[in-house]
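Down below is the structure, laid out as structure tokens.
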Amino acid sequence: MASPENWVVSATGVIASMLSLSRIWSNIYNRDLERCGYFARGVEFSCSLRQKLQELITMSKLNFTQGNSKERALDMLAQGLRRICTSASVETMQRETVAVAVTLCGAERGDWLADAHEADAAASDIVEHVRRTREVVCADGTACFAVGDGVVVLAHAQTFDAALLDILATSASAALTNAALREQIRHDRERHDRSAAELAFEQTLLRTLVDNIPFRIYAKDRESRFLFGNNRMARLAGVETPPQLIGKTDYDFFPTELAAKYFADEKQVMDSGQSLFDYEELVEDQDTGELGWTVTTKVLLRADDGAVNGIVGIGYDVTQRKLMEERLRERTQALEVANARLEAEKEQQQVLIRKLSDMQGQLLQSEKMASIGLLAAGVAHEINNPLAFISSNFGALERDAKDILKLIGAFEGVEGLLPGEARAPVTFMKADIGLDDIRQDLDALFVESREGLQRVKHIVQNLKDFSRPGGTEKEMADLEQGLNSTLNVAWNEIKYKADVVKEYAGVPELYCLPSQINQVFLNLLINAAHAIEGKGVIVVRTGYDDKIVWVEIEDNGSGIAPDHLDHIFEPFFTTKPVGKGTGLGLSIVYGIVQGHQGTIDVKSEVGKGTVFRVALPRAA
């Protein structure tokens, strides 16, 4: 193993050798890379490099170790540097550097270490020292020197020339730096080429989209001059190609009024810094000359520093949509009109249905009342016949009874003339039959019987009056007489519920249908009786003036709830329990009164009673 004096290079010699070698590599690598590669492959370069190495060693006064041929070492170093210089990649340069170092030092093996941790434990300290100090070190057969960011470690080196290894390290570092630069340049060029291709594709794609998208797209500067426009914008402006828009304003393409409006809108957007979104405006197509609706969005075009440079506009035609909306509105209005008409017709139908229902109810009630009237008329007729001969016979009976009593009185006048034996049977018979009681009661019996017959006769007459066929022809009728007849007919319903108070005003006769008016009175009286719980009072009141005759029927019953007052005249509306009423009584009353051009009003208070007032015109 060589002594330290032979392998440790002085700092002055190392610095001088590095400066000299740097000038050599500076002259070589400052040339064009292709020319450098050409000379590196030539013999001329090898000779020149060997000569330069010789001069460097002579200038530096470097010495070689014993047993190492100067000429041979220089040849090996020159050839190795040529291989390193012509290497295509960093990995190849690293391998060549290790190979040249192994050849120069006669080592068994050489390794390129990128990190001190990759070295074994024995060499890790040397590797770390070399990396830190950049010295060339050889100890115990292990040689180590730094090349760029890596370290070359030689195992079992036979010879050691620090000067040559220093030249190799410096040259390899420069070559590695240049190789890394070349790779970086190549990678940058490839990346640039890829970026340029991608950019070209994106530009082509963007232009294709912009020119074929169904929107008008444009960009303008601060003076509203076109910077860009697509095909649809060009067609709208009336030019053939988008480049014909560049540098011009809307005043060059559109009528002055429209151009001024567009200019003002864009100036407001740029001055306010507020973009305009989805703004509907009228646009004149310069290609067709037609006005159409466009939805426009105008956003700010800003520089890198945020300053407003102009605007970007996007618009799309909505004329067809507007036309469809207008047609839809017209159809909607037509449908609304038709629906309103149908609703009106439906309402009319409902009114007709209600009227028909009312008429049907009235017809049913009229038929019912007519049947009752016929039945009552028949009953009255059947009662009237026996009543006539009973009345006739009763008169004869009364006359004969009085004659018999006169005869008995005459016999009693001569009774005292009879002998006692003859008077005894007569006296006994008079006591047995109670002749004195008969004589006293007979007059009273005849009076009561005559009143009973008269009452039956009156009831029959009322039945005949109430059930009298009215037909469709009106006639003059006495309403108070009709009330009396109706009260008699309904007396069985009323007598257990209320006392009837009559307050008649002696109203004049009225031109009407008596049977229908009597039906009105009957329904109101029956309702009044039903409204009374326990025992109450029903007041029947009449009155008149120059225009009307009115009848009031008032009760002190339970009254009608306020929310029911608006419904009491509706067919089938009733507050009575199920099975107790049909809800047709007051609707029939209302229909009859309306048919006579009259009115019916009601006043009611819950718990205090109800008053129905029927007013009928005197001249109907």
Side-chain angles (χ1 to χ4, degrees), residues 192-331:
H192 176 271
D193 292 342
R194 287 195 302 271
S195 298
E198 292 173 357
L199 179 61
F201 172 76
E202 290 175 356
Q203 288 177 340
T204 302
L205 177 61
L206 179 61
R207 189 74 215 190
T208 302
L209 290 174
V210 167
D211 283 341
N212 293 279
I213 198 170
F215 300 138
R216 300 162 186 154
I217 303 176
Y218 59 89
K220 295 180 180 180
D221 61 15
R222 291 282 305 184
E223 303 302 323
S224 288
R225 290 186 293 262
F226 280 97
L227 300 173
F228 169 82
N230 67 347
N231 287 333
R232 286 184 177 266
M233 187 65 228
R235 285 199 297 271
L236 180 68
V239 296
E240 295 181 356
T241 60
Q244 293 176 277
L245 297 170
I246 309 304
K248 297 180 180 179
T249 68
D250 289 327
Y251 287 97
D252 296 313
F253 307 110
F254 299 101
T256 303
E257 292 181 359
L258 283 178
K261 181 180 181 305
Y262 302 155
F263 186 86
D265 291 343
E266 292 163 2
K267 186 176 186 303
Q268 181 181 0
V269 170
M270 288 185 282
D271 291 345
S272 66
Q274 299 293 324
S275 299
L276 184 67
F277 294 98
D278 298 333
Y279 172 70
E280 291 187 355
E281 59 182 349
L282 274 174
V283 175
E284 182 178 352
D285 193 326
Q286 301 305 301
D287 190 21
T288 62
E290 297 179 352
L291 280 175
W293 284 97
T294 296
V295 173
T296 301
T297 294
K298 297 180 180 180
V299 297
L300 296 170
L301 179 63
R302 296 183 181 273
D304 293 338
D305 59 359
V308 177
N309 285 345
I311 63 164
V312 174
I314 302 174
Y316 58 96
D317 191 294
V318 293
T319 304
Q320 292 300 320
R321 191 192 76 186
K322 284 284 189 180
L323 293 175
M324 292 179 64
E325 289 177 352
E326 183 62 28
R327 287 197 293 268
L328 181 60
R329 277 194 296 270
E330 291 176 354
R331 292 188 62 185

Can you give me the closest heavy-atom contact between [X] and [Y], atom names plus distance?
X	Y	result
L300	S275	N-OG, 3.6 Å
E266	S224	OE1-OG, 2.9 Å
R232	R235	CG-NH2, 3.2 Å

Value rounded to 0.5 Å, distance of [atom1] in [X] from [atom2] in [Y]:
X	Y	atom1	atom2	result
T208	L205	OG1	CG	6.5 Å
R222	L227	CZ	CG	12.5 Å
D221	E223	CG	CD	6.5 Å
H192	L199	NE2	CG	9.0 Å
F254	L236	CZ	CG	4.0 Å
N231	R207	CG	CZ	6.5 Å

message: One pair to check against side-chain contact (heavy atoms from CB on, under 4.5 Å): F253 and L245. What are the steps and the verdict?
response: CA-CA 9 Å; F253 307 110; L245 297 170; 3.8 Å; yes
- prompt: Is it true that K261 and D250 have a side-chain N and a carboxylate O under 4.0 angstrom from each other?
  reply: no
Presence of salt bridge, R327 and E330, under 4.0 angstrom: no
message: What verdict does the side-chain contact (heavy atoms from CB on, under 4.5 Å) test give for V299 and F277, after you've listed the backbone C-alpha separation in whole Å, the side-chain angles of each residue and the deciding distance to 0.1 Å?
response: CA-CA 8 Å; V299 297; F277 294 98; 4.0 Å; yes
Using a cut-off of 6.0 Å, state whether more than 12 heavy atoms not belonging to [X] lie near its atom [atom1].
X	atom1	result
E257	CD	no
E325	CD	yes
R331	CZ	no

Side chains of [X] and [Y]: closer than 4.5 Å at any heavy-atom pair?
X	Y	answer
P242	N230	no
Y262	T249	no
K267	I311	no
D265	T296	no
Y218	K298	yes

field: By side-chain hydrogen bond (donor to acceptor under 3.5 Å, both in side chains) - contacts of K248 (at least two apart)
entry: none
field: Set of side-chain hydrogen bond (donor to acceptor under 3.5 Å, both in side chains) partners for D305, sequence neighbours left out
entry: none
